[in-house]
Amino acid sequence: MAFEHPYIRIANVTPEKLDEKEGWNVSDFRVVVSGKEGSSSIMYHATLAPGERIHKHRYENCQMQYYVVSGHGLAGAGEDRVEVHAGHFHLIPKGVEHWLVNLGRHDPLVIIGFYDRVPYLKDTGRVYLGDITEADITAPRTLSAAALKHPLVHNDEVPHVKVSHEEGWTQDYFNEPLNRSVGAGSCWMQGYFGPHTIHMKHRHNNCEEICYILRGRGLAGIGNDRGEVFAGDVNYIPAATEHWLANIDDTEDLSAPGWYIGVGGLDESGFEYLGSVTDEDLKQRTGAVE
């Protein structure tokens, strides 16, 4: 039986054919969620092989956020020159020149990212600004957070958000690496779940949500849909749609980052608790993610 709401496996998404003459020196770039799924915004997944680069460009129509899943890179954002590693979140304001290089000699640089409130790539207002030069690569790094012009946050630095167990927040912890406090127009959130931990039924009346499974194995309920999700799977959840997420593994943790689109934090999302996930819910399967 088909899902009513999108359950997406990134490995099965067709890579985009991007123009190298426009600065796209990237092995693999996939649009995972877009207007095609009914979203107001785009989530993408990109893999840069050793030495590959996304050359200088800016987006005139949208803010951009990305997270480093794995690897080691050098990122330029305006005057900032920063090395990025797994666990870094980077916020690029609208109109700011930026670029990215994989510095790894052997390993890919893997990122997931978000074009805020533009539904298709053609809507981003991308302007190519030229190739990254050797002078860019060897320029002094911006070493202190105080010197940064644009937010770069590592997950280890992000405090936990206080949430209520009485309203279904039973996961081990929740945080917001990028929210209105750093100028983000959409909130990047993360939930961490120990074995058999469940984020109970709820909805966000004021925003859409995109949820990415970074690691682990879960069962995601969206409306009447019930589907198992694994690392590299994504759910798109329309505004005001009931949803929940359970870690169904006996031993491994589940990590699930994502976005509350168009709001600056959980407190603006219109969160509404709708009740507990039942044993019957956990037994159901609508279909398998393809």
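Predicted model, so just to flag it, every value in this text is computed and none were measured.
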* Is Ile132 reachable from Val84 through a run of I, L, V, M, F, W or Y residues, each pair having side-chain heavy atoms under 4.5 Å apart? -> no
* **Mutual orientation of the aromatic rings belonging to Tyr67 and Trp188 [parallel < 30°, tilted 30-60°, perpendicular > 60°]** => tilted
* Cut-off 3.5 Å, side chains only: do Gln190 and Ser255 have a donor facing an acceptor? -> no
* Asked: Between the main-chain N or O of Gly71 and the side-chain N or O of Asp107, is there a donor-acceptor pair closer than 3.5 Å?
  -> no
* Carboxylate-amine/guanidinium proximity below 4.0 Å for Arg53 and Asp131 -> no
* Asked: Sub-3.5 Å donor-acceptor pair from the side chain of Asn12 to the main-chain atoms of Arg9, do we have one?
  -> no
* To do: Check whether the ring centres of Tyr192 and Phe174 lie less than 6.0 Å apart, and answer yes or no.
  => no
* Does Glu166 have any side-chain hydrogen bond (donor to acceptor under 3.5 Å, both in side chains) partners at least two apart in sequence or in another chain, and if so, which? -> Ser164
* Using 4.0 Å as the upper bound for N to carboxylate O, is an ion pair formed by Arg141 and Asp80? -> no
* Asked: Could you state the interatomic distance from CG (Asn61) to NZ (Lys122), rounded to the nearest 0.5 Å?
  -> 10.5 Å
* To do: Test Val31 against Ile42 for side chain to side chain contact (heavy atoms under 4.5 Å, CB included), laying out the working first.
  => CA-CA 7 Å; Val31 173; Ile42 297 168; 4.0 Å; yes
* So, His154 side chain and Ala86 main chain: donor-acceptor pair closer than 3.5 Å or not? -> yes
* To do: Decide whether Tyr115 and Tyr59 meet the rule of one side-chain donor and one side-chain acceptor closer than 3.5 Å.
  => yes
* **Interatomic distance, Tyr44 atom OH to Thr124 atom OG1 [nearest 0.5 angstrom]** => 11.0 Å
* Asked: Between Ser186 and Gln65, does any side-chain donor sit less than 3.5 Å from a side-chain acceptor?
  -> no
* Any salt bridge between Glu272 and Arg203, counting N to O under 4.0 Å? -> yes
* Structure fact -> When rounded to the nearest 0.5 Å, the distance separating NE2 of His85 from CG of Leu103 is 8.5 Å
* Asked: For atom CG of Asn205, is the number of surrounding heavy atoms from other residues, nucleotides or ligands below 6.0 Å larger than 12?
  -> yes
* Asked: Where the side chain of Ser276 meets the backbone of Thr278, is there a donor-acceptor pair that is under 3.5 Å apart?
  -> no
* To do: Would you please indicate if the ring centroids of His199 and Trp169 are separated by under 6.0 Å?
  => yes
* **Working for salt bridge (charged side-chain N to carboxylate O under 4.0 Å, His left out), residues Arg117 and Asp123** => CA-CA 9 Å; Arg117 279 163 292 170; Asp123 301 319; over 6 Å; no
* From CA spacing to verdict: salt bridge (charged side-chain N to carboxylate O under 4.0 Å, His left out), Asp116, Lys94 -> CA-CA 10 Å; Asp116 194 0; Lys94 183 189 302 184; over 6 Å; no
* Determine yes or no for a side-chain-to-main-chain donor-acceptor pair under 3.5 angstrom, with His196 supplying the side chain and Gly194 the backbone. => no
* Asked: Which pairs, with at least one residue in residues 213-254 and sequence neighbours excluded, count as a ring-ring contact (aromatic ring centres under 6.0 Å, His included)?
  -> His202-His243, His204-His243
* Describe, in one word, how the ring planes of Tyr173 and His160 are oriented to each other, choosing from parallel (under 30°), tilted (30 to 60°) and perpendicular (over 60°). => parallel
* **Spatial distance of atom CD1 (Ile10) from atom CD1 (Ile112) [nearest 0.5 Å]** => 7.0 Å
* **Crowding at CG, Asp279 (>12 non-hydrogen neighbours, <6.0 Å)** => no
* Test side chain to side chain contact (heavy atoms under 4.5 Å, CB included) on Leu109 and Glu52 and set out the steps. => CA-CA 9 Å; Leu109 176 64; Glu52 288 190 335; over 6 Å; no
* **Trace of the side chain to side chain contact (heavy atoms under 4.5 Å, CB included) decision for Glu209 with Trp259** => CA-CA 6 Å; Glu209 180 179 340; Trp259 296 272; over 6 Å; no
* Are any side-chain N or O atoms of Asn175 and backbone N or O atoms of Pro159, one a donor and one an acceptor, separated by less than 3.5 Å? -> no
* Asked: What about Trp24 and Val13, same hydrophobic cluster or not, with Ile/Leu/Val/Met/Phe/Trp/Tyr joined at side-chain heavy-atom distances under 4.5 Å?
  -> no
* Asked: Just by modelled atom types, is the Leu129 backbone N or O under 3.5 Å from a matching donor or acceptor in the Glu97 side chain?
  -> no
* Asked: CG of Leu254 to CZ of Arg215: how many Å apart, nearest 0.5 Å?
  -> 10.0 Å
* Asked: Are the side chain of Glu268 and the backbone of Gly264 linked by a donor-acceptor contact shorter than 3.5 Å?
  -> yes
* **Heavy-atom donor-acceptor pair, Ser39 side chain to Gly35 backbone, under 3.5 Å** => no
* Structure fact -> Between the CD1 atom in Ile237 and the OH atom in Tyr260, the distance rounded to the nearest 0.5 Å is 9.0 Å
* **salt bridge (Lys or Arg N to Asp or Glu O under 4.0 Å) involving Arg226 - partner list, sequence neighbours excluded** => Asp281
* To do: Verify side chain to side chain contact (heavy atoms under 4.5 Å, CB included) between Ile8 and Asn235, making sure each step is shown before the conclusion.
  => CA-CA 6 Å; Ile8 301 163; Asn235 296 130; over 6 Å; no
* So, the side chain of Arg217 versus the backbone of Ile248: is there a donor-acceptor pair under 3.5 Å, distance only? -> yes
* CD/Glu22: more than 12 non-hydrogen atoms of other groups inside 6.0 Å -> yes
* To do: Return yes if a side-chain donor-acceptor contact under 3.5 Å exists between His55 and Asn25, otherwise no.
  => no
* Apply salt bridge (charged side-chain N to carboxylate O under 4.0 Å, His left out) to the pair Arg285 and Glu228, showing each step before the final yes or no. => CA-CA 8 Å; Arg285 301 292 186 275; Glu228 290 191 25; 2.9 Å; yes
